[in-house]
Amino acid sequence: PIMKEFSSAPELEKQLAAALNLQSCNVVSGNADESDWVKSELGRACVSRLKEVINEGQVISVTGGSTMNAVAEAFTEKLNKENLLFVPARGGIGADIKDQANTICQKMANKAGGNYMVLYSPDQVTKEFYETFIQESSIREVLMKIKSADIVIHGIGDAMTMARRRMTSEEDMQKLVQEKAVAEAFGYYFDENGRIVHKVQTVGLQLEDLKNIPHIFAVAGGASKAKAIKAYMKIAPKNTVLITDEAVTNEILKG
Ligand code: F6P
């Protein structure tokens with residue numbers, strides 16, 4: 001028999017995909033809120049799915065966060081395809097160095113024997129700064145790679161958790177509360193219907209760019225993210241493969 005490299009629950013996966021109107025998802029056992037081990041499983045499940053689609057010379061764009069860090073940890077040389085290029089999906093959106101997209105790209109590239117590019121940009125840039133900044137040739141080069149990525153791997157977070165982690169201004173915090181933000185992905189905040197209620201102004205991937213990306217993996221687990229995942233999946237491109245855990249799945253299927 002072929003051993004699966006990660007635990008999964010086919011029946012739950014089918015039900016969850018149907019509930020979220022997605023083509024495919026993976027469910028690993030446990031609750032990522034309760035143990036880091038579950039995050040590692042999410043990482044391994046993601047790498048396993050990635051292996052099915054990845055090809056030589058492809059560009060992989062990734063976001064930050066502790067779950068993406070777990071994905072990077074799970075990278076192995078078995079993934080080894082020539083000339084892979086890892087790029088951060090968005091600049092700025094401040095976090096711990098180890099959980100920044102730039103750091104994660106570097107880690108993935110080192111493990112898979114590929115290359116990486118960095119994108120350093122402050123959050124909340126003014127329009128003037130933005131216009132000048134993206135004309136810079138080194139920045140333009142990264143931005144073009146990001147927009148032409150073959151694969152995107154990203155996290156999803158609870159809106160308020162992410163807003164606090166990013167030291168969001170009091171004004172924006174109030175806006176998020178007022179607009180009932182529940183989810184965050186790519187620096188965008190969404191309410192439970194998947195409506196964008198706020199966006200961190202930074203360079204890189206914009207939500208509308210996702211429609212040109214052939215393969216998208218969303219990796220997020222832990223019961224505390226159930227609402228966020230459900231909300232984001234309302235607007236997620238249908239080719240998004242969700243990789244999550246049992247705790248999220250049970251919450252969502254409970255209705
Ligand atoms: O900040 C990058 C990011 O991918 C967010 O878009 C997402 O909400 C968050 O990280 C998830 O972080 P974690 O995996 O640590 O919960």
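All ligand and atom numbering here is 1-based and tracks the order in the structure.
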Any donor-acceptor N or O pair under 3.5 Å, side chains S121, R90: no
Atoms in ligand 1 flagged as close to E184, the criterion being non-hydrogen separation under 4.0 Å: 5 (C), 6 (O), 7 (C), 8 (O)
Numbered atoms of ligand 1 (with element) below 4.0 Å of F186, judged on heavy atoms: 6 (O)
Interatomic distance, T63 atom OG1 to L205 atom CG [nearest 0.5 angstrom]: 9.5 Å
Atoms in ligand 1 flagged as close to G157, the criterion being non-hydrogen separation under 4.0 Å: 7 (C), 8 (O)
Electrostatic pair K145:E141 at N-O distance under 4.0 angstrom: no
Sidechain-backbone polar pair: N102 side chain, L119 backbone, donor-acceptor under 3.5 Å: yes
Enumerated ligand 1 atoms positioned under 4.0 Å from heavy atoms of G64: 2 (C), 3 (C), 4 (O), 10 (O)
Any K39 heavy atom less than 4.0 Å from ligand 1: no
Proximal atoms of ligand 1 relative to G65 (non-hydrogen, under 4.0 Å): 10 (O), 12 (O), 14 (O), 15 (O)
Side chain proximity check, E246 to V28, heavy atoms < 4.5 angstrom: no
Atom indices of ligand 1, in the order listed, that fall short of 4.0 Å to a heavy atom of T63: 4 (O)
Close approach of R90 to ligand 1, heavy atoms, under 4.0 angstrom: no
Lys/Arg N to Asp/Glu carboxylate O, E251 vs K227, below 4.0 Å: no
Heavy-atom closest contact (D33 atom, G221 atom, distance): OD1-O, 4.4 Å
For ligand 1, the portion of I156 having any non-hydrogen atom under 4.0 Å away: backbone
Within-shell test, H154 vs ligand 1, heavy atom, strictly < 4.0 Å: no
Ion pair check, K39 and E34, cut-off under 4.0 Å: no
Ligand 1 versus K225: contacting region, heavy-atom distance under 4.0 Å: side chain
